[in-house]
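Right, one structure below, let's go through it.
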Number of protein chains: 2
Amino acid sequence: MESPTVRGKVGAQVDNEPKARAGGALPYELIELFFFAYRDFVSDPDRILAELDFGRAHHRVLHFVNRNPGLTIAELLDILKITKQSLNRVLKELVGTAFIEVRTGQADRRQRHLHATASGHALAARLAAVQGERIRQALNNVPAAAHPAIEAYLTAMIDPQERKQVLSRIRKGPVG
Amino acid sequence: MESPTVRGKVGAQVDNEPKARAGGALPYELIELFFFAYRDFVSDPDRILAELDFGRAHHRVLHFVNRNPGLTIAELLDILKITKQSLNRVLKELVGTAFIEVRTGQADRRQRHLHATASGHALAARLAAVQGERIRQALNNVPAAAHPAIEAYLTAMIDPQERKQVLSRIRKGPVG
DNA sequence: GAGATATGTCAATAAGGCTGACGTATATGG
DNA sequence: CCATATACGTCAGCCTTATTGACATATCTC
């Protein structure tokens with residue numbers, strides 16, 4: 001999983017900019033650590049995806065479909081915050097290669113419910129495994145007592161308006 | 001600062017994949033938290049950059065030049081892990097808009113030493129300020145005693161081979 | 001002086017985004 | 001039952017950021 005390049009609409013954010021930063025120096029170390037940590041975090045899946053001629057976009061789609069079986073197109077667009085045109089190309093490839101299956105909605109036949117196939121689930125698990133391994137190894141470098149703090153820290157890095165929605169989606173996600 | 005899309009060369013990495021993951025479930029929560037945290041972490045600078053018709057590539061270049069005054073082209077390419085052709089377009093724009101200044105090397109006149117101008121420094125500081133503000137706010141959600149653990153965790157997320165080099169560059173960086 | 005090195009540049013290509021416009025199937029409300 | 005709204009699909013064109021390959025130029029080093 002890798003962060004999408006959100007272009008175009010930048011989102012209406014009100015005056016969020018710190019004026020003078022009264023309190024001391026900028027945390028350059030943490031800024032750069034986060035940058036490099038994320039860079040390497042996504043490099044593991046990249047190697048696997050390259051074997052299949054997939055990119056990070058495929059990873060994101062497969063990941064969230066796998067974690068949220070029956071997800072509709074609209075819901076997926078809302079998570080990924082991309083346009084349906086962008087999604088379509090990637091999704092078509094994942095469906096064409098039988099990693100994802102599309103089922104017409106029962107209640108509402110306009111909707112498309114997305115499901116990972118067996119091989120889709122396997123690939124998603126393989127991708128999550130390499131990222132999970134990196135996380136596990138990193139946690140080993142930190143006292144177990146501090147593990148909840150790391151989760152709290154990452155949670156607090158998420159936009160407050162998004163936080164609740166993100167958390168509910170993460171926690172409910174029962175499919176491993 | 002935002003992670004580059006490393007395409008093409010994926011880097012020679014030896015069999016790094018966890019075989020069966022004997023030890024239990026995958027840390028899906030942390031995987032997704034890291035994803036969303038990073039997404040929002042880069043969204044703040046994006047808004048500012050958009051005002052100037054710059055992209056994330058400009059941010060990365062400006063950031064590292066500002067933090068490492070006198071950086072050469074080759075060193076910058078090594079940090080960013082992109083090709084000189086990719087760098088060139090972005091760098092030309094930053095030089096053309098007078099955010100970055102190029103000085104021919106004294107000892108070796110083939111080299112180009114990059115420096116942020118006054119306005120380059122101001123922009124870099126403004127970008128770092130919004131990211132720093134998010135970090136500071138997130139740290140406030142965590143006991144101060146756990147702050148070193150967060151730094152240790154992020155450090156351990158970086159590839160072991162890269163870690164030493166990255167850390168030395170981060171710590172020495174005296175320019176805030 | 002020959003060759004290596006640091007940088008610059010031209011050209012073609014790809015991935016992954018975007019906007020705008022339009023089409024189709026299905027639901028839903030009056 | 002018909003009009004409108006909704007969910008999705010698709011065509012066309014564009015942008016940014018990256019890639020590879022080839023070649024040019026200046027400068028350093030042996």
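The chains referred to below are lettered A, B, ... by the order of the sequence lines, with proteins before strands, and numbering in each begins at 1.
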Is the phosphate of C:dG16 approached by A:Ser86 (side-chain N or O, under 4.0 Å from OP1 or OP2)? no

Distances for protein N or O near nucleotides 10-13 of chain D N or O, under 3.5 Å:
from, atom 1, to, atom 2, distance (Å)
D:dT10, OP2, A:Asn88, OD1, 3.2

Atom [atom1] of [X] to atom [atom2] of [N]: distance rounded to whole Å?
| X | N | atom1 | atom2 | answer |
| --- | --- | --- | --- | --- |
| A:Ile82 | C:dA15 | CD1 | C1' | 13 Å |
| B:Arg56 | C:dA15 | CZ | P | 20 Å |
| B:Leu114 | C:dG8 | CG | C1' | 13 Å |
| A:His59 | C:dG16 | NE2 | C1' | 16 Å |
| A:Leu77 | D:dC8 | CG | P | 8 Å |
| B:Glu93 | C:dT9 | CD | C1' | 15 Å |
| A:Arg89 | C:dA15 | CZ | C1' | 6 Å |
| A:Leu91 | D:dG9 | CG | P | 7 Å |

Holding to side chain to side chain contact (heavy atoms under 4.5 Å, CB included), I want the full list of residues that pass it with A:Gln85, two or more places apart in sequence or in another chain. A:Thr83

Could you list the residues that satisfy side chain to side chain contact (heavy atoms under 4.5 Å, CB included) with A:Ala149, not counting sequence neighbours? B:Val142, B:Ala146

Taking ring pair (Phe, Tyr, Trp, His ring centres under 6.0 Å) as the definition, give me every residue that meets it alongside A:His58, ordered by chain and number, with sequence neighbours left out. A:Phe54

By ring pair (Phe, Tyr, Trp, His ring centres under 6.0 Å), which residues pair with B:Phe35, not counting sequence neighbours? A:Phe64

If the condition is side chain to side chain donor-acceptor pair (under 3.5 Å), which residues does B:His63 pass it with, not counting sequence neighbours? A:Glu32

For A:Asn88, side chain to side chain donor-acceptor pair (under 3.5 Å) partners two or more places apart: none

Do nucleotides 25-30 of chain C as a string where each nucleotide becomes B, S or -: B if the base has a protein heavy atom under 4.0 Å, S if just the sugar-phosphate does, - if no protein is that close. BBS---

Keeping to residues at least two apart or across chains, list the salt bridge (Lys or Arg N to Asp or Glu O under 4.0 Å) pairs with something in residues 87-107 of chain A. A:Glu101-A:Arg103

Applying the side chain to side chain contact (heavy atoms under 4.5 Å, CB included) criterion to B:Val90, which one of B:Ile100, B:Val61, B:Leu80 satisfies it? B:Val61

Could you work out which one of D:dC8, C:dC18, D:dT19 sits closest to the side chain of A:Thr83? C:dC18

Contact class for B:His58 (heavy atom, under 4.0 Å): base, sugar-phosphate, or nothing? sugar-phosphate

Roughly how far, to the nearest 0.5 Å, is CD1 of A:Ile48 from CD of A:Gln131? 9.0 Å

